[in-house]
Amino acid sequence: MPELPEVETVRRGLAERIVGKIVKDVNSDTPKSFPNAPADVTAFLVGASIIAVRRRAKVLMVDLDNDYSLMIHLKMTGQLVYRAEGEAFGAGHPNDSLIGNLPDKSTRVTIEFTDGSHLYFNDQRKFGWMKLLPSIEIPHIDFMRKVGPEPLEADFTPQEFMDRFSRRAKTSIKAALLDQTVVAGVGNIYADESLWGARIHPQRLVGSLSPDEFHRLYEELRSVMNLAIEKGGSTDKNYVNAEGKRGSYMDFARVFRREGKRCPRCGTTIVKFKAAGRGTHICPYCQKLS
DNA sequence: CACTTGACCTGTCCGC
DNA sequence: TGCGGACAGGTCAAGT
């Protein structure tokens, strides 16, 4: 589920709410939620206070004042929802949350803070994980060394974008976009949306794209992701922000999950098929293979 | 090495 | 209404 815009939305919501709080207790379905050092997790967390919430690609990092960090990946169905003490639904918005009382059936980890508030990690499909590790080690783990640049950073240039694809010349542009070592944070929704914007068929080989097409894709990817952050991400099924509320980007989607509807640019019927192993949506008129 | 496929899980939807 | 199969926004470990 969550791609860069969704994870960034969660990060912002959590940063506002949990920085400065002190962990009082932790309940989790270890070792499934904490694949590393499960026995130590509670001991490291209880008594620690939260000093920052960061994001890299689709991974969240909650930094603690004991020089450890909690790395969290939501994968397909993960949710991180904050509730103040006694709140059933979310700050100042009774019944506004997409989800009800917590913990619920999908809750895997509950972190209680000393002020009586809670952070719930829900994850229906159980693909997500949390890892506790020394903060200083984060930049050296495999994922961080291999992951590509943040596409929304101000210093990320069209030239760098194009260069990142050079070693994937023989694969499809969609598979390359989804490859986290090429560019960070792109998932199925924003891959389809940006390819539509750039008028590029997802199965075009990377090596066949012109500099102009790369440039369009660069611009579209950034504008689509920025719009998605502005709209609080995409909620198709499970995704919610730190308040348990849905994101509204799907109201603005041009092709994703719109098969059978009209292309907003030319009116042709949008079709769905499988590409790079994923459900893929295109306008067959705007996005041609050759 | 580069690339593709299956596996990890649970829930939901669709056709029979 | 029940049941089997396909499918779901992400990533790995395997395979070719």
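All chains are named by letter (A, B, ...) in the order of the sequence lines, taking the proteins before the strands, and each is independently numbered beginning at 1.
- In the hydrophobic clustering of ILVMFWY residues, with side-chain heavy atoms under 4.5 Å counting as a link, Leu178(A) and Ile173(A) come out apart.
- The separation between Tyr190(A) atom OH and dG9(C) atom P is 13 Å, rounded to whole Å.
- Both geometric conditions, a ring-centre gap below 5.5 Å and a plane tilt below 30°, are fulfilled for Phe127(A) over the base of dC8(B).
- What you find for Tyr285(A) and Cys266(A) is that their closest heavy atoms are CD2-SG, 3.7 Å.
- Using a 4.0 Å cut-off between charged side-chain N and carboxylate O, Lys126(A) and Asp123(A) make no salt bridge.
- The separation between Glu259(A) atom CD and dG9(C) atom P is 11 Å, rounded to whole Å.
- What separates CG of Asp179(A) from P of dT4(B) is a distance of 11 Å, to the nearest Å.
- Separating the P atom of dT1(C) from that of dG11(B) is a span of 22 Å, rounded to the nearest Å.
- At a non-hydrogen distance threshold of 4.0 Å, nothing from residues 197-204 of chain A comes into contact with DNA chain C.
- What separates CG of Asp123(A) from P of dG9(C) is a distance of 15 Å, to the nearest Å.
- Using a 4.0 Å cut-off, some side-chain N or O of Lys126(A) falls inside it from OP1 or OP2 of dT10(B).
- Close to dT11(C), at under 4.0 Å from its OP1 or OP2, lies a side-chain N or O of Gln180(A).
- Residue Thr171(A) places at least one side-chain N or O under 4.0 Å from the OP1 or OP2 atom of dT4(B).
- Within the structure, the side-chain hydrogen bond (donor to acceptor under 3.5 Å, both in side chains) test picks out no pair touching residues 260-273 of chain A (sequence neighbours left out).
- Connection of Leu152(A) to Leu217(A) is established within a shared hydrophobic cluster, with ILVMFWY side chains joined at heavy-atom distances below 4.5 Å, either directly or through further cluster members.
- With a 6.0 Å radius and a threshold of 12 heavy atoms from other residues, nucleotides or ligands, Lys24(A) has its NZ atom at or below the threshold.
- Of the candidates dT11(C), dG9(C), dC9(B), dT11(C) carries the atom nearest the Lys75(A) side chain, counting heavy atoms from C-beta on.
- Closest to the side chain of Asn238(A), out of dT4(B), dT11(C), dG9(C), is dG9(C).
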Between the protein and nucleotides 5-8 of chain C, list every N/O to N/O distance that falls short of 3.5 Å.
from	atom 1	to	atom 2	distance (Å)
dA8(C)	OP1	Lys272(A)	NZ	3.0
dA8(C)	N3	Arg125(A)	NH1	3.3

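- The distance from atom CG of Asp192(A) to atom P of dG10(C) is 10 Å, rounded to the nearest whole Å.
- Atom-to-atom, CE of Met130(A) to C1' of dT11(C) comes out at 18 Å; the value is rounded to the nearest Å.
- Where pairing requires Watson-Crick or G-U contacts shorter than 3.5 Å, the helical stems of DNA chain C with at least three consecutive pairs are B:2-8 with C:10-16, B:10-16 with C:2-8.
- Scanning for side-chain contact (heavy atoms from CB on, under 4.5 Å) contacts around Ala52(A) gives Asp63(A), with sequence neighbours left out.
- When all heavy atoms of Tyr190(A) and Ser234(A) are compared, the closest pair comes out as OH-OG, 2.7 Å.
- OP1 or OP2 of dT11(C) has at least one side-chain nitrogen or oxygen of His73(A) nearer than 4.0 Å.
- Here, dC3(B) and dG9(C) have their P atoms 23 Å apart, quoted to the whole Å.
- Here, dT11(C) and dT12(B) have their P atoms 23 Å apart, quoted to the whole Å.
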Between Asn241(A) and Thr9(A), is a side chain to side chain donor-acceptor pair (under 3.5 Å) present by the stated rule, with each step listed? CA-CA 6 Å; Asn241(A) 66 16; Thr9(A) 301; over 6 Å; no
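- Annotation: salt bridge (charged side-chain N to carboxylate O under 4.0 Å, His left out) contacts involving residues 174-187 of chain A, sequence neighbours excluded, comprise Arg168(A)-Asp179(A), Lys174(A)-Asp192(A).
- Atom CZ in Arg108(A) sits about 15 Å away from atom P in dC8(B), given to the nearest Å.
- Within the 3.5 Å criterion, the main-chain N or O of Val255(A) finds a donor-acceptor partner in the side chain of Glu193(A).
- Counted within 6.0 Å of NZ on Lys170(A), heavy atoms from surrounding residues, nucleotides or ligands total 12 or fewer; the atom is thus considered open.
- Look at NZ on Lys58(A): it is 4 Å from P on dG10(C), rounded to the nearest Å.
- Taking atom P in both dC3(C) and dC9(B), one finds a spacing of 25 Å when rounded to whole Å.
- Put simply, the side chain of Gln79(A) gets close to the backbone of Asn238(A): a donor and an acceptor are under 3.5 Å apart.
- For Arg168(A), the side-chain atoms get nearest to dC3(B) when compared with the rest of dG11(B), dG10(C), dC3(B).
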